[in-house]
Number of protein chains: 2
Amino acid sequence: MSYLKQISDKELKEGIEHFIQEAKGKYVPSVTLDTVIFGFHDNKLKVLLLRFAQTAHFILPGGYLSKDEDLDMAALRVLRERTGLDNIFLEQFYTSGKKNRTSNSIVSQLMKDLLGNLPADHWFNQRFVSVCYYALVDDTKVNPKPEPFFTEFKWFDIEAIPVLLYDHNLIVEKALKRLQTDLDTKLVGSKLMRDSFTMNELQKLYEAVFQHPFVRTNFQRKMLSLGILERLEKQYTGKSHKAPYLYRFTKDPLED
Amino acid sequence: MSYLKQISDKELKEGIEHFIQEAKGKYVPSVTLDTVIFGFHDNKLKVLLLRFAQTAHFILPGGYLSKDEDLDMAALRVLRERTGLDNIFLEQFYTSGKKNRTSNSIVSQLMKDLLGNLPADHWFNQRFVSVCYYALVDDTKVNPKPEPFFTEFKWFDIEAIPVLLYDHNLIVEKALKRLQTDLDTKLVGSKLMRDSFTMNELQKLYEAVFQHPFVRTNFQRKMLSLGILERLEKQYTGKSHKAPYLYRFTKDPLED
DNA sequence: ACAAAAGTGTTAACATTACACCCATGA
DNA sequence: TCATGGGTGTAATGTTAACACTTTTGT
């Protein structure tokens, strides 16, 4: 699934200039937010990426911190603006601050082409520290909204993330590592699954996140022994084999 | 152990004004670093705190990010400046960004008393996002260096941390939680122990970090089974009981 | 009856826990 | 020889892993 928006250089240039006009008064300098949005479909773990402006390159959805806004609230806002979703599961997992992390020839070349040589104190010439969050979403409910800088949304398989701008590949890696430990310890699986699901579907999620297979029979018992699943009615699919039970997460394991 | 430095209001005021002169050109705006420095002595887990200027209040050692400096390097520098230590084990664990986290009547009142009413765009009136690191140090090697804002260094037992300025109590809590998981998973114990130690001393460290007792005999076997300890000669203390073996961490468990 | 997938049973290996026991030391 | 703390043994229990076996479904 991908979402496209055509835009001219002129529109882009105007959009960027308009943004910068506002940004200086509105946002905290030097701080950005980046979000790694995980979804799960086709038995694969996916990450939502944006195509950056007129380039062929992708980037993590991100944004800035408003001066009158908590950091966590800013992350929720960025997600709402991009995905249309509220009540999203969000975890801060890393802050990226290498001094040259945003000095990327592709982006600066594009900016130069569009806007000419920027003065040293220009908004885009700031040295940014980026606070990174990961989000777990039910991708069927996501309704991505492109905006001036970004012209295409696309879900990428975690195993096939392209080369991203800036240090965003590193950030995705760290997000995945954190998701792995959180799936183990905080049992956040419910945030990625539909309301009800078969044990096989849940196993596919675990296999996608940990990137290795589990033994079916042992996986089933392990999950049931955690006491966070409720068995519902059977799901008759018309296939010529035993109908699997559907399951549902009973309580939110995070609320305790 | 504590380190004191007497300072007059005049000296403090001049120190602060001198700092501000420099800060604007030197540091990235809106970003601070805070460090939770853990040490271990008297069988207790300790945290190094600074008494803030003329107040009775304590605060975490912190600093600012230079414009030409990686975030991790800044954290190392802050630690070097404060403790005189190099090659310190440092882990980033959290970034604190609530909008009112530094609006603290005590600090702002002190600043007001010393410097008068500050303009809205003054360095100290910035809204800061703080990137937090924890450090593990051999406290016998620490040589704290007070500087203008901070007049006293003191090690506090983790169980007796006073009310700190800003949101620093919250940050210490999060640091301890992270230390607990890192002691389990990354086996960072070596960073807090002397070169050689008895099993009993190591157990006391674990008990201090996890804040609960372990069964002596099982603890011993668990530690030895990890394959990260080397048994040295016995330590004869003159006490009338069996002399305990000394142990040493063989390899750094983090290097793999 | 059969293939295919879901669900349950079983056993060995491994890890954890709770103690009992023995050992070394200096007074 | 006694008290004290250090080190080892062991049996009960709990967890994990591998795989055999049974059940259910539509053709």
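Chain identifiers are assigned alphabetically (A, B, ...) following the order of the sequence lines, protein sequences preceding nucleic acid strands; residue numbering begins at 1 within each chain.
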Check ion pair D195(B)-R248(B) (N to O, under 4.0 angstrom):
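So D195(B) does not pair with R248(B) through a salt bridge.
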Salt-bridge contact K174(A)-D34(A) (side-chain N to carboxylate O under 4.0 Å)
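D34(A) and K174(A): not salt-bridged.
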Report, as yes or no, whether the 6.0 Å neighbourhood of atom CZ on R77(A) holds more than 12 heavy atoms from other residues, nucleotides or ligands.
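Atom CZ in R77(A) is packed in, count exceeds 12.
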Could you pick out which residue, K222(A) or R221(B), lies toward the 5' side of DNA chain D when each is mapped onto its nearest nucleotide?
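Nearest nucleotide further toward 5': that of R221(B).
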With DNA chain D as reference, determine whether H241(B) or Y247(B) sits nearer its 5' end, using the nearest nucleotide of each.
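Upstream on the strand: H241(B).
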The single option from F52(A), Y166(A), F156(A) passing ring-ring contact (aromatic ring centres under 6.0 Å, His included) against F58(A)
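Single ring-ring contact (aromatic ring centres under 6.0 Å, His included) partner of F58(A) among F52(A), Y166(A), F156(A): F156(A).
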Please state how far atom [atom1] in [X] lies from atom [atom2] in [N], giving the value in whole angstrom units.
| X | N | atom1 | atom2 | answer |
| --- | --- | --- | --- | --- |
| F219(B) | dG5(D) | CZ | P | 18 Å |
| K234(A) | dT23(D) | NZ | P | 12 Å |
| Q235(B) | dG5(D) | CD | C1' | 13 Å |
| N200(B) | dT4(D) | CG | P | 16 Å |
| Q220(A) | dA18(D) | CD | P | 17 Å |

With a strict under 4.0 Å distance from non-hydrogen atoms of chain B, what nucleotide opens and what nucleotide closes the contacted stretch of DNA chain C, reading 5' to 3'?
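Answer, 5' to 3': dT16(C) to dG26(C).
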Of all of residues 208-218 of chain A, which get a heavy atom below 4.0 angstrom from DNA chain C, listed by number?
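Contacts with DNA chain C under 4.0 Å: R216(A), T217(A).
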For the CG atom of N143(A) and the CZ atom of F153(A), what is their distance to the nearest 0.5 Å?
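If we round to the nearest 0.5 Å, N143(A):CG and F153(A):CZ are 9.5 Å apart.
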Going by the side chain to side chain donor-acceptor pair (under 3.5 Å) test, name the single residue among E201(B), E230(B), R231(B) that passes it with Y247(B).
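Looking at E201(B), E230(B), R231(B), the match for Y247(B) under the side chain to side chain donor-acceptor pair (under 3.5 Å) is R231(B).
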Which class fits the ring pair Y134(B) and F38(B): parallel under 30°, tilted 30 to 60°, perpendicular over 60°?
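Because their plane-to-plane angle is over 60°, the rings of Y134(B) and F38(B) count as perpendicular.
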The side chain of Y245(B) is closest to which nucleotide in this list: dG5(D), dG7(D), dG26(D)?
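Comparing dG5(D), dG7(D), dG26(D) against the side chain of Y245(B), the answer is dG7(D).
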